[in-house]
Amino acid sequence: MSTAIRAASRAAPAAALLLVLFPCASAAQTPPGGGRDRNLSAKGGEAGGANRPRPARDDYSTARQKLLDAARTPEGGAPVDPASLDAKDFGTLVTAANDEASNRKLPSINDSPENNYTPEHLAFRKEVYGPVRDDPVLREFLRTLVRKAATGFDVNGTNAAMVLADDPDVADLDAIFTGYGATIPENRTPLARQLGRALGTARTQEPRPPRFDEMIERVKADAAEGKAVQRGAALEALYRAGEGELALQHLKKLLSQETEPLEAVTVLQACARLLQQTDVDPFLRSRAVAVAHAAVESILSDTSALKASQSIGGDGRILRAGTSFLQDVGGAREMELVLRCLSEPRAQQLLGMDGLQNVRVGLARARPTMSDEQGAKVDEWFLKLIVDTGNRLFALEEDPMSQEEKRAFWEARDLRYNAITYFIDQIRRTKSVKERLWKEADLAELLVTIFKAKEDVKDERDGDVVWRGVAEKLENRACALELLANLEREFNKPTPGIDLFSEGLAVLCNEVQAPPIRVAEILAFRKAYAPGVMFEFPIGKEPADEFVKRTGCMVIATLGYIVHTGGGKVGIEVDAANPWPWERDGKPPLEPVKPGAEKKDEKAEEKPDAKPDEKKDDAPAAKGDDEKKDGERR
């Protein structure tokens with residue numbers, strides 16, 4: 001399967017090309033066809049960059065036709081077994097459909113996951129998946145995906161369930177119910193949502209499906225007792241199945257009695273989408289928010305010594321569930337509380353890597369609708385973390401870290417990751433964020449310093465061990481490189497001290513263990529910047545870290561290229577459909593130069609081609625690897 005990653009930008013800056021091990025390449029190849037890996041998601045567009053609309057990489061009809069061809073009975077052969085079809089091909093179709101929905105500017109599911117069920121999305125899914133659902137072999141294939149026990153991030157299974165639940169027959173309903181029962185409670189909410197939708201449709205049919213009563217009774221029993229997360233999932237299923245009054249009675253009972261905080265917030269998190277419905281009693285919603293707020297506040301006010309077991313146990317689970325619920329259902333007051341969780345060390349430890357990431361994603365999603373004061377507070381907190389880190393690393397030679405400070409530096413790695421990725425997400429989405437980054441004059445140099453923090457350098461002074469160099473987490477270094485690529489494209493300023501294309505390519509090549517190539521070939525390819533020419537090289541192995549591989553691809557894509565992966569090779573071509581903004585304005589691109597060559601005069605590029613407030617910021621949100629990968633946010 002092929003992957004294509006693109007983002008509108010342009011050629012690399014006039015900085016010396018680093019001598020790294022590049023792969024064997026051929027610069028005169030036809031662009032590879034086909035789809036792209038589901039987990040290598042990136043978008044580019046005519047307005048520039050990732051997160052922007054763009055011409056489809058692989059239109060959904062091509063991806064769909066591959067499934068239809070695979071399901072066709074060979075002439076004179078036996079019928080195709082639905083279980084033999086490749087789930088990855090369905091994943092490619094899901095990705096292509098999501099891209100097309102973004103291009104058409106359908107109501108964004110990042111703004112509200114309930115937009116999945118708007119008339120626009122229902123009609124779009126019928127257009128895209130209708131031929132798949134109408135094919136008997138492929139419909140049974142969708143059912144096989146749904147019957148399996150779902151994992152925590154089962155994109156294929158949940159999307160298949162959503163397609164079937166749009167217009168379910170008896171066999172579809174049975175398949176969704178089977179998957180619901182096979183899935184552990186912790187992973188059940190997405191399937192419960194689709195089971196509820198399917199049951200709601202079945203309720204209106206005459207006669208009702210044979211197992212309808214059995215299914216409703218099972219969901220009612222799950223909502224009444226059992227694990228808290230199971231009850232929450234079942235409550236949403238009941239609500240969507242037409243048993244809304246019963247679901248709300250369970251919630252009222254939960255909120256009116258002395259329920260343990262962990263139990264209460266776990267139920268609330270699992271049925272948060274229910275409480276977002278417009279026909280839910282606002283007093284019930286307010287009561288639920290107050291319960292979660294109190295639970296989080298209680299943990300933040302605790303000053304007792306923190307035990308390691310609390311992060312994975314009670315307090316950590318309460319904080320993760322509580323903050324997730326408050327970000328989904330709460331208002332401005334709750335956002336202030338959530339921001340405190342990022343800034344207070346005790347809460348940081350309890351949230352852990354996943355909890356911190358969920359908080360950051362929620363803040364980024366809410367950022368365009370925040371007040372100016374609240375939005376600025378979020379921006380400054382994340383920016384200060386990056387600036388302080390860069391300044392500290394820059395000063396290491398003269399002021400080395402102690403052993404204790406080095407340990408603290410490593411423990412804060414997840415905070416730095418979330419700070420950098422916050423700005424990658426926001427720089428083209430929110431105008432005020434972009435304006436703030438433009439004002440931080442040394443930001444590029446500080447990000448370069450973070451990227452160059454590749455190894456620990458130990459020393460001894462006055463009998464104590466000190467560190468003149470510390471190694472940053474590889475994911476953070478790669479993300480710093482991607483943010484630098486975005487800064488260069490948005491502000492048309494060369495990045496000081498490094499060549500972003502070379503470094504992005506090095507990250508990608510290291511992950512796939514590509515063999516060396518001649519530097520002259522990559523220089524010639526970049527300088528020509530010619531549409532229709534493919535620079536290709538083989539993949540030595542599957543990457544150990546898909547995220548790092550994807551980020552390396554995105555650095556290159558942000559600089560004005562499309563990156564194809566799949567079929568045992570990587571291909572890079574110019575993104576001719578998305579010219580750089582300043583090329584459209586008649587200004588020439590920055591050009592790569594050979595190592596040691598004199599840099600061109602950059603005085604003309606000291607200011608961005610357009611002021612930040614001249615850029616459009618109406619781009620739809622991109623579905624990134626940090627969101628819940630169940631086809632829609634939980």
Side-chain angles (χ1 to χ4, degrees), residues 113-114 116-117 150 158 161-162 164-166 168 170 172-174 176-292 321 324-325 328-329 632 634:
E114 284 302 296
N116 268 306
Y117 312 119
T158 302
M162 184 162 55
L164 294 177
D166 285 346
V170 172
D172 298 336
L173 181 60
D174 284 347
I176 298 172
F177 184 67
T178 299
Y180 172 86
T183 302
I184 62 173
E186 288 76 10
N187 298 334
R188 192 178 286 169
T189 297
L191 265 180
R193 185 173 299 130
Q194 304 311 324
L195 176 61
R197 292 181 64 227
L199 287 171
T201 300
R203 181 183 291 277
T204 65
Q205 297 173 348
E206 289 295 340
R208 289 178 177 176
R211 301 180 64 193
F212 178 82
D213 291 338
E214 172 195 346
M215 295 177 185
I216 284 288
E217 291 304 315
R218 165 65 189 275
V219 177
K220 287 180 179 179
D222 287 348
E225 59 183 21
K227 286 187 174 182
V229 67
Q230 167 188 296
R231 285 152 49 204
L235 287 175
E236 184 175 341
L238 279 180
Y239 183 87
R240 295 182 187 274
E243 297 282 352
E245 187 58 38
L246 178 60
L248 295 177
Q249 285 177 11
H250 281 296
L251 269 179
K252 290 175 183 177
K253 181 179 178 182
L254 174 79
L255 298 173
S256 64
Q257 59 191 18
E258 292 297 325
T259 307
E260 289 293 323
L262 178 57
E263 179 184 358
V265 296
T266 302
V267 172
L268 292 175
Q269 180 194 23
C271 67
R273 295 271 288 277
L274 188 165
L275 285 160
Q276 291 175 277
Q277 303 301 314
T278 56
D279 57 346
V280 170
D281 182 356
F283 293 104
L284 179 63
R285 186 184 299 113
S286 297
R287 175 58 182 159
V289 168
V291 168
S324 176
F325 175 78
D328 285 341
V329 182
E632 50 176 323
R634 293 185 184 180

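All figures in this text were calculated on a predicted structure; none of them were measured in a lab. Scope of the values below: all heavy atoms of this structure, side chains included, with no hydrogens, waters or symmetry mates.
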*Output the distance between atom NZ (K220) and atom CD1 (I216), rounded to the nearest 0.5 Å.*
6.5 Å

*Could you tell me the separation between the CG atom of L248 and the CG atom of L274, rounded to the nearest 0.5 Å?*
6.0 Å

*In sequence, state the C-alpha distance, the side-chain angles, and the governing distance for R287 and V291, and then conclude on side-chain contact (heavy atoms from CB on, under 4.5 Å).*
CA-CA 6 Å; R287 175 58 182 159; V291 168; 3.8 Å; yes

*Evaluate the side-chain proximity of T158 to R193: yes if any heavy-atom separation is below 4.5 Å, no if none is.*
no

*asked:* Using side-chain contact (heavy atoms from CB on, under 4.5 Å), reason through V289 and L268 one step at a time and then give a plain yes or no.
replied: CA-CA 9 Å; V289 168; L268 292 175; over 6 Å; no

*Please determine if R273 and E114 form a salt bridge, counting it only when a charged side-chain N lies under 4.0 Å from a carboxylate O.*
yes

_Checking L254 against R231 for the side-chain contact (heavy atoms from CB on, under 4.5 Å) test, could you report, in this order, the C-alpha distance in whole Å, the side-chain angles of both residues, the deciding distance, and whether it holds?_
CA-CA 11 Å; L254 174 79; R231 285 152 49 204; 3.8 Å; yes

*Applying side-chain contact (heavy atoms from CB on, under 4.5 Å), run through L195 and L173 and close with a yes or a no.*
CA-CA 7 Å; L195 176 61; L173 181 60; 4.1 Å; yes

*asked:* Within the 4.5 Å heavy-atom criterion, are E186 and K227 side-chain neighbours or not?
replied: yes

*Please report the shortest heavy-atom distance between T189 and A270, naming the atom on each side.*
CG2-O, 3.5 Å

*Where do A228 and E263 come nearest, in terms of heavy atoms and distance?*
CB-O, 3.8 Å

*Taking only Lys NZ, Arg NE, NH1 and NH2, and the carboxylate oxygens of Asp or Glu, determine whether E217 and R211 approach each other closer than 4.0 Å.*
no

_Quick check on Q277: does its CD atom have over 12 non-hydrogen neighbours (other residues, nucleotides or ligands) under 6.0 Å away?_
yes

_Minimum heavy-atom distance between L275 and R285, given as atom pair plus value_ = O-NE, 2.6 Å

*Specify the closest pair of heavy atoms between A161 and I176, including all atoms of both residues, with the distance to one decimal.*
O-CD1, 4.0 Å

*Should we count CD of Q257 as having more than 12 external heavy atoms under 6.0 Å?*
yes

_Donor-acceptor contact present, side-chain N187 to main-chain I184, <3.5 Å_ = no

*Got Y117 and R240 here, is their nearest side-chain heavy-atom distance under 4.5 Å?*
yes

*Any donor and acceptor pair, going by atom type alone, linking the side chain of T183 with main-chain N or O of A150 inside 3.5 Å?*
yes

*After noting the C-alpha distance and the side-chain angles of E243 and R203, does the key distance pass the salt bridge (charged side-chain N to carboxylate O under 4.0 Å, His left out) rule?*
CA-CA 10 Å; E243 297 282 352; R203 181 183 291 277; 3.0 Å; yes

*Quick one: do R218 and E214 make a salt bridge, cutoff under 4.0 Å?*
no

*Taking side chain as C-beta onward, heavy atoms only, is D328 less than 4.5 Å from Q269?*
no

*asked:* With a 4.5 Å cut-off on side-chain heavy atoms, are V280 and Y239 touching?
replied: yes

*Search all heavy atoms of C271 against all heavy atoms of G232 and return the closest pair with its distance.*
CB-O, 3.2 Å

_Heavy-atom closest contact (V229 atom, T266 atom, distance)_ = N-CG2, 3.7 Å

*Is it the case that D222 and Y180 place a side-chain donor and acceptor less than 3.5 Å from each other?*
yes

*asked:* Once rounded to the nearest 0.5 Å, what's the spacing between atom CD of E245 and atom NE2 of H250?
replied: 11.0 Å

_Strictly distance-based, threshold 3.5 Å: is any side-chain N or O of T259 a donor or acceptor partner for the main-chain N or O of L255?_
no

*asked:* Test your reading of the model: is there a side-chain donor-acceptor pair from T204 to the backbone of T201, 3.5 Å cut-off?
replied: yes

*Are any non-hydrogen side-chain atoms of F325 and V265 less than 4.5 angstrom apart?*
no

